[in-house]
Amino acid sequence: MTFPEVRMRRLRQSPAVRSLVRETSLDPRQLVLPMFVREGLSSPMAIGSMPGVVQHSMDSLRSAAVEAAEAGVGGVMLFGVPAVRDAQGSGADDPRGILNLATEALASEVGDALVVQTDLCLDEFTDHGHCGVLADDGSVDNDATLERYVSMALAQARAGSQLLGLSGMMDGQVAVIRAALDAEGFTDTLLLAYAAKYASAFYGPFREAVDSQLKGDRRTYQLDPGNRREGVREAVVDEAEGADIVMVKPAMAFLDVLREVRDTVSIPVWAYQVSGEYAMIEAAAANGWIDRRAAVLESLLSIRRAGADVVLTYWATEAAGWLRA
């Protein structure tokens, strides 16, 4: 049957009908808020390239986490910015390091209301800005880095992290960390594998947020943006190694990868709406070129529609408030 018997607009005739037949929903519980905590701050510090986002002090971190929990956000992902860095990223597994102290604080403050999550990567803690330790020739040493990741994972689990975000893109990271956690009795600690993490131009503002010391690039371990199949393969490998969840990052420029990963693996799939995506919408809205609220919600809905069960987004608390209004 075709027109006039078939009238597709029947399903769009009123807000009530549109709501009833909507295929994809967006709920506060499906949002995770990334948060930056910087050692030595007494008050939050604005991040210039990410309007509205700050490097938190410990006090402001607690307040923002409580606000997120009250808004119904599903979780918070913590990134630490230390005062001192070295080649090994020693602050990453220091029990009194900024990230582990912040994890302890939030696990106590909001751990029953949302999932406290931690970024497991060395880049914020190294003086060279890479996600692993370096070999003598300056390359990232995969297997030596895994040893540091294991130590970091145990420190984060002991601090109370409920979910470890394995973002370093080292081969074998899921398997070795899962084995180490299980051996120490942390069998319930969740592993989120940043499986399809691309060497993207959209990370620029994040580098300011963590005061990155990176020189050069990460193309020897992060994925080539032209490779769709390789991203899916990474997700399959991480699932086989024991990941509880896999991630696609960035989100909006890689919706095709996200859809294929969702169709391929049987575990939850998340996506990270990264700093550059956030900054673009904020800049366009500040210039009056787009409707900010509508663009934010549409961008999040598009990521959900492509297959993400959960979205990491810097708008998590604000968007949750809109959705619950």
Exercise for review: Apply the side chain to side chain contact (heavy atoms under 4.5 Å, CB included) test between Val37 and each candidate in Val54, Val81, Leu61; give the one that qualifies.
Suggested key: Leu61
Check your understanding: Has the side chain of Arg262 got a donor or acceptor atom that lies under 3.5 Å from a matching backbone atom of Val265?
Key -> yes
Practice item. Supply the atom-to-atom distance Leu41 CG to Asp59 CG, rounded to the nearest 0.5 angstrom. Key: 11.0 Å
Study note, to complete from the structure: All heavy atoms of Gly160 vs all of Thr103, minimum pair found to be C-CG2, 3.9 Å
Exercise for review: Locate the shortest heavy-atom distance separating Leu101 from Pro95; write the atom from each residue and the value.
Suggested key: CD2-O, 4.1 Å
Practice item. May I ask you to check whether over 12 heavy atoms, not counting those of Asp217, lie within 6.0 Å of atom CG? Key: yes
Exercise for review: Examine Phe186 and Val116 and state if one hydrophobic cluster contains both, with Ile, Leu, Val, Met, Phe, Trp and Tyr joined whenever side-chain heavy atoms are less than 4.5 Å apart.
Suggested key: yes
Exercise for review: Spell out, as yes or no, whether a donor-acceptor pair under 3.5 Å connects the side chain of Asp86 to the backbone of Gln88.
Suggested key: yes
Revision key, fill the gap. Heavy-atom nearest pair, Ala144 first then Val133, reads CB-CG2, 3.6 Å
Check your understanding: Does the Ser19 side chain pair with the main chain of Ala16, one donor and one acceptor, at a distance under 3.5 Å?
Key -> no
**Study point:** Which residues share a side-chain hydrogen bond (donor to acceptor under 3.5 Å, both in side chains) with Ser161, sequence neighbours left out
**Key:** Thr118
Study note, to complete from the structure: The side chain to side chain contact (heavy atoms under 4.5 Å, CB included) partners of Ala105 (sequence neighbours excluded) come to Met58, Arg62
Check your understanding: For Asp244, which residues count as a salt bridge (charged side-chain N to carboxylate O under 4.0 Å, His left out) partner, sequence neighbours excluded?
Key -> Arg178
Review point. Is the side chain of Tyr149 donor-acceptor paired with the backbone N or O of Met170 at a distance under 3.5 Å, no angle test?
Key: no
Review point. Has Arg158 got more than 12 heavy atoms of other residues, nucleotides or ligands less than 6.0 Å from its CZ?
Key: yes
Review point. Which of these, Leu106, Val32, Leu164, Val76, sits in a side chain to side chain contact (heavy atoms under 4.5 Å, CB included) with Gln117?
Key: Val32
Study note, to complete from the structure: Only one of Asp123, Asp141, Asp93 passes salt bridge (Lys or Arg N to Asp or Glu O under 4.0 Å) with Arg148, and that residue is Asp93
Check your understanding: By side-chain hydrogen bond (donor to acceptor under 3.5 Å, both in side chains), which residues pair with Ser57, not counting sequence neighbours?
Key -> Ser60
Check your understanding: Any donor-acceptor pair under 3.5 Å linking the side chain of Tyr278 with the backbone of Pro51?
Key -> yes
Which donor-acceptor pairs under 3.5 Å do the side chains of residues 192-202 make with protein atoms, sequence neighbours left out?
{"from": "Lys197", "atom 1": "NZ", "to": "Ser167", "atom 2": "O", "distance (Å)": "2.9"}
{"from": "Tyr198", "atom 1": "OH", "to": "Asn227", "atom 2": "O", "distance (Å)": "2.6"}
{"from": "Ser200", "atom 1": "OG", "to": "Phe202", "atom 2": "N", "distance (Å)": "2.9"}

Practice item. Treat each ILVMFWY residue as a node, draw an edge where side-chain heavy atoms are under 4.5 Å apart, and state whether Leu154 and Leu122 are in one component. Key: yes
**Study point:** Connected via hydrophobic side-chain network under 4.5 Å: Tyr314 and Ile290
**Key:** yes
Check your understanding: Got a sec, which residues hit side-chain hydrogen bond (donor to acceptor under 3.5 Å, both in side chains) with Thr317, two or more places apart in sequence or on another chain?
Key -> none
Point to revise | Pairing residues for Val296 by the side chain to side chain contact (heavy atoms under 4.5 Å, CB included) criterion, not counting sequence neighbours | key: Ile281, Arg292, Leu300, Trp315, Trp322
**Study point:** Non-hydrogen atoms of Arg218 and Cys131 that approach each other most closely
**Key:** NE-SG, 3.8 Å
Check your understanding: Any chance CD of Glu23 has more than 12 other-residue heavy atoms, nucleotides or ligands included, within less than 6.0 Å?
Key -> no
Check your understanding: What heavy-atom pair brings Ala65 and Leu114 nearest, and what distance separates the two atoms?
Key -> O-CD2, 4.1 Å
Check your understanding: Looking only at atom types and distance, does a side-chain atom of Gln173 sit under 3.5 Å from a main-chain N or O of Asn142, one as donor and one as acceptor?
Key -> no
Exercise for review: In sequence, state the C-alpha distance, the side-chain angles, and the governing distance for Ile267 and Ile245, and then conclude on side-chain contact (heavy atoms from CB on, under 4.5 Å).
Suggested key: CA-CA 6 Å; Ile267 58 178; Ile245 306 163; 5.6 Å; no
Point to revise | Residue list, side chain to side chain contact (heavy atoms under 4.5 Å, CB included) with Asp137, at least two apart or on another chain | key: Ala135, Ser139
Review point. Got a second to check how far Leu26's CG is from Arg304's CZ, nearest 0.5 Å?
Key: 7.0 Å
Point to revise | Within 6.0 angstrom of Asn287 CG, more than 12 heavy atoms from elsewhere | key: yes
Review point. Residues two or more places apart in sequence or in another chain: which of them pass side chain to side chain contact (heavy atoms under 4.5 Å, CB included) with Arg9?
Key: Arg12
Point to revise | Main-chain N/O of Ala209 paired to Gln55 side chain as donor or acceptor, under 3.5 Å | key: yes
Practice item. Taking Glu298 for its side chain and Ala295 for its backbone only, find out whether a donor-acceptor pair lies under 3.5 Å. Key: no
Check your understanding: Hey, what do you get for CZ (Arg207) to CD1 (Ile47), rounding to the nearest 0.5 Å?
Key -> 14.0 Å
Exercise for review: Report yes or no: do Val176 and Leu166 belong to one cluster of Ile/Leu/Val/Met/Phe/Trp/Tyr joined by side chain heavy-atom distances under 4.5 Å?
Suggested key: yes
Practice item. Measure the spacing between CG of Asp119 and CG of Leu163 and express it to the nearest 0.5 Å. Key: 11.0 Å
Check your understanding: Using 4.0 Å as the upper bound for N to carboxylate O, is an ion pair formed by Arg96 and Glu39?
Key -> no
Check your understanding: About how many Å separate CD of Gln30 and OG1 of Thr313, when rounded to the nearest 0.5 Å?
Key -> 13.0 Å
Exercise for review: State whether the number of non-hydrogen atoms from other residues, nucleotides or ligands found under 6.0 Å of Arg229 atom CZ is greater than 12.
Suggested key: no
Review point. So which pairs with a foot in residues 66-101 pass ring pair (Phe, Tyr, Trp, His ring centres under 6.0 Å), sequence neighbours left out?
Key: Phe36-Phe79, Phe79-Phe206
Review point. Applying the 4.5 Å side-chain criterion to the ILVMFWY set and letting contacts propagate, would Met45 and Leu33 be lumped into a single cluster?
Key: no
Practice item. Return yes if some donor-acceptor pair links the side-chain N/O of Gln213 with the main-chain N/O of Asp211 below 3.5 Å, else return no. Key: yes
Counting only pairs under 3.5 Å, give me each side-chain donor-acceptor contact of residues 246-261, with atom names and distances, residues two or more places apart or in other chains.
{"from": "Arg259", "atom 1": "NE", "to": "Asp263", "atom 2": "OD1", "distance (Å)": "3.4"}
{"from": "Arg259", "atom 1": "NH1", "to": "Arg305", "atom 2": "O", "distance (Å)": "3.3"}
{"from": "Arg259", "atom 1": "NH1", "to": "Ala306", "atom 2": "O", "distance (Å)": "3.3"}
{"from": "Arg259", "atom 1": "NH2", "to": "Asp263", "atom 2": "OD1", "distance (Å)": "3.0"}
{"from": "Glu260", "atom 1": "OE1", "to": "Arg228", "atom 2": "NH1", "distance (Å)": "2.4"}
{"from": "Glu260", "atom 1": "OE2", "to": "Arg228", "atom 2": "NH1", "distance (Å)": "3.2"}

Revision key, fill the gap. Here the gap from Leu191 atom CG to Asp238 atom CG, rounded to the nearest 0.5 Å, amounts to 10.0 Å
Practice item. Indicate whether the side chain of Ser266 and that of Glu239 have a donor and an acceptor atom separated by less than 3.5 Å. Key: yes
Exercise for review: Answer yes if the side chains of Glu277 and Ser299 hold a donor-acceptor pair under 3.5 Å, and no otherwise.
Suggested key: no
Practice item. For residues Tyr221 and Gly168, report the shortest heavy-atom separation together with the two atoms involved. Key: CD1-O, 3.5 Å
Review point. Which ILVMFWY residues are connected to Leu214, directly or by a chain of links, through side-chain heavy atoms under 4.5 Å apart?
Key: none
Review point. Any sub-3.5 Å donor-acceptor pair from Glu208's side-chain atoms to Ser49's backbone N or O?
Key: yes
